[in-house]
Participant: 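For reference, the structure I am asking about is given below.
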Amino acid sequence: MHNQPPTMITRFITEVVTKFNPFSARSRATRLFLSSLPPDARQTGITINNTVLPRTSTAPPLLLIKFKDGKEMKLDGEQLGIKGIVEEVDRHSRALQKQADLTD
């Protein structure tokens, strides 16, 4: 079995902005993050803005995630890796889930 990205809580994400060179090894975590979003992400209200950089680009990959509470996370996929990105997203999503559970 090949390396599958971990499942993450996406219901509190409102927007994902990425900019990456798909041929660069540095962009691996950003690509995996995009592939771990559910197939119906756009229908469920997540705005996804992708910018694909040319093969010759040396610009670092960008991953910006916005949540329903207004928080923005600019994550460095090179340093965190896909597991680190998922942990950061889930940590904030769990806090929002607790808040939602308390107000229900």
Side-chain angles (χ1 to χ4, degrees):
M1 189 169 140
H2 65 284
N3 207 359
Q4 280 253 297
T7 309
M8 72 181 148
I9 305 164
T10 58
R11 54 181 268 219
F12 298 105
I13 297 174
T14 58
E15 187 175 353
V16 175
V17 178
T18 64
K19 188 184 295 187
F20 64 96
N21 172 356
F23 301 103
S24 169
R26 297 167 62 194
S27 302
R28 184 169 189 268
T30 304
R31 290 192 317 267
L32 287 171
F33 176 81
L34 284 174
S35 71
S36 66
L37 291 174
D40 64 345
R42 283 190 166 96
Q43 288 83 19
T44 58
I46 299 175
T47 305
I48 301 171
N49 296 315
N50 285 329
T51 304
V52 178
L53 300 171
R55 184 186 291 256
T56 56
S57 174
T58 57
L62 167 77
L63 177 58
L64 179 71
I65 304 164
K66 295 181 185 176
F67 292 88
K68 288 184 177 175
D69 67 344
K71 181 174 175 74
E72 289 185 19
M73 283 186 179
K74 187 174 181 183
L75 300 172
D76 182 354
E78 258 187 292
Q79 279 193 329
L80 293 172
I82 186 61
K83 285 186 176 147
I85 291 171
V86 170
E87 282 172 16
E88 290 291 320
V89 169
D90 280 353
R91 183 178 300 129
H92 189 66
S93 294
R94 279 192 298 272
L96 292 176
Q97 180 66 55
K98 279 183 190 169
Q99 227 172 11
D101 290 347
L102 291 174
T103 55
D104 283 350

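One-based numbering along the sequence shown.
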Participant: Which residues pass the side-chain hydrogen bond (donor to acceptor under 3.5 Å, both in side chains) test with E88, sequence neighbours left out?
Facilitator: R91
Participant: Would a distance-only check, ignoring hydrogens and angles, find a side-chain to backbone donor-acceptor pair under 3.5 Å from N21 to R55?
Facilitator: yes
Participant: Just by modelled atom types, is the P22 backbone N or O under 3.5 Å from a matching donor or acceptor in the S27 side chain?
Facilitator: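 A pair under 3.5 Å: no.
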Participant: Rounded to the nearest 0.5 Å, what separation is found between the CG atom of L34 and the CG atom of N50?
Facilitator: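 Answer for the CG-CG pair, L34 versus N50, is 5.0 Å.
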Participant: Who else is in L62's hydrophobic cluster (ILVMFWY, side-chain heavy atoms under 4.5 Å, direct or via others)?
Facilitator: V17, L64
Participant: Please list, chain by chain and in numerical order, all residues satisfying side-chain hydrogen bond (donor to acceptor under 3.5 Å, both in side chains) with R42, sequence neighbours excluded.
Facilitator: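 Once residues adjacent in sequence are excluded, R42 has no partner under the side-chain hydrogen bond (donor to acceptor under 3.5 Å, both in side chains) criterion.
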Participant: Set out, in order, the CA-CA distance, both residues' side-chain angles and the distance that settles side chain to side chain contact (heavy atoms under 4.5 Å, CB included) for M8 and S36, then state yes or no.
Facilitator: CA-CA 8 Å; M8 72 181 148; S36 66; 3.1 Å; yes
Participant: Tell me every residue that passes side-chain hydrogen bond (donor to acceptor under 3.5 Å, both in side chains) with D69, counting only those two or more places apart in sequence or in another chain.
Facilitator: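 Result, side-chain hydrogen bond (donor to acceptor under 3.5 Å, both in side chains) vs D69: H92.
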Participant: Ignoring hydrogens and geometry, is there a side-chain-to-backbone donor-acceptor pair from R28 to G77 under 3.5 Å?
Facilitator: no
Participant: Do you know which of P60, S57, P61 makes side-chain contact (heavy atoms from CB on, under 4.5 Å) with F20?
Facilitator: P61
Participant: Mind checking ring-ring contact (aromatic ring centres under 6.0 Å, His included) for F12 and listing every partner two or more places apart, or none if nothing turns up?
Facilitator: none
Participant: Tell me whether the count of non-hydrogen atoms from other residues, nucleotides or ligands lying under 6.0 Å of CD in Q43 goes above 12.
Facilitator: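 Above 12, so yes.
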Participant: Determine whether P38 and T10 make a side-chain contact, defined as any pair of heavy atoms from C-beta on separated by less than 4.5 Å.
Facilitator: yes
Participant: Please name all residues satisfying salt bridge (charged side-chain N to carboxylate O under 4.0 Å, His left out) with E72, sequence neighbours left out, ordered by chain then number.
Facilitator: K66
Participant: To the closest 0.5 Å, what do you measure between CZ (F67) and CD1 (I13)?
Facilitator: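 Here the interatomic distance stands at 5.0 Å.
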Participant: Got a second to check how far Q99's CD is from D101's CG, nearest 0.5 Å?
Facilitator: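 It is 10.5 Å, given to the nearest 0.5 Å.
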Participant: Should N49 and E15 count as side-chain neighbours, where that means a heavy-atom distance under 4.5 Å?
Facilitator: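 A side-chain contact under 4.5 Å exists here.
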Participant: In this structure, would L53 and L75 fall into the same cluster of hydrophobic residues linked by side-chain contacts under 4.5 Å?
Facilitator: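 Hydrophobic grouping puts L53 apart from L75.
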Participant: As a quick check of understanding, evaluate side chain to side chain contact (heavy atoms under 4.5 Å, CB included) for K71 and I65, giving each step before the final call.
Facilitator: CA-CA 8 Å; K71 181 174 175 74; I65 304 164; over 6 Å; no
Participant: If you compare all heavy atoms of I9 against all heavy atoms of V89, which two are closest, and at what distance to 0.1 Å?
Facilitator: O-CG1, 3.9 Å
Participant: Under the 3.5 angstrom rule, does the side chain of S35 hit a backbone N or O of L32 as a donor-acceptor pair?
Facilitator: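 Confirmed, S35 side chain pairs with L32 backbone.
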Participant: Group every Ile, Leu, Val, Met, Phe, Trp and Tyr by side-chain heavy-atom contacts under 4.5 Å, then state whether M73 and I48 land in the same group.
Facilitator: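 Yes, same cluster.
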Participant: From Q79 CD over to I85 CD1, what is the distance, rounded to the nearest 0.5 angstrom?
Facilitator: 11.0 Å
Participant: Nearest 0.5 Å, please: how far is CG in L63 from CZ in R31?
Facilitator: 13.0 Å
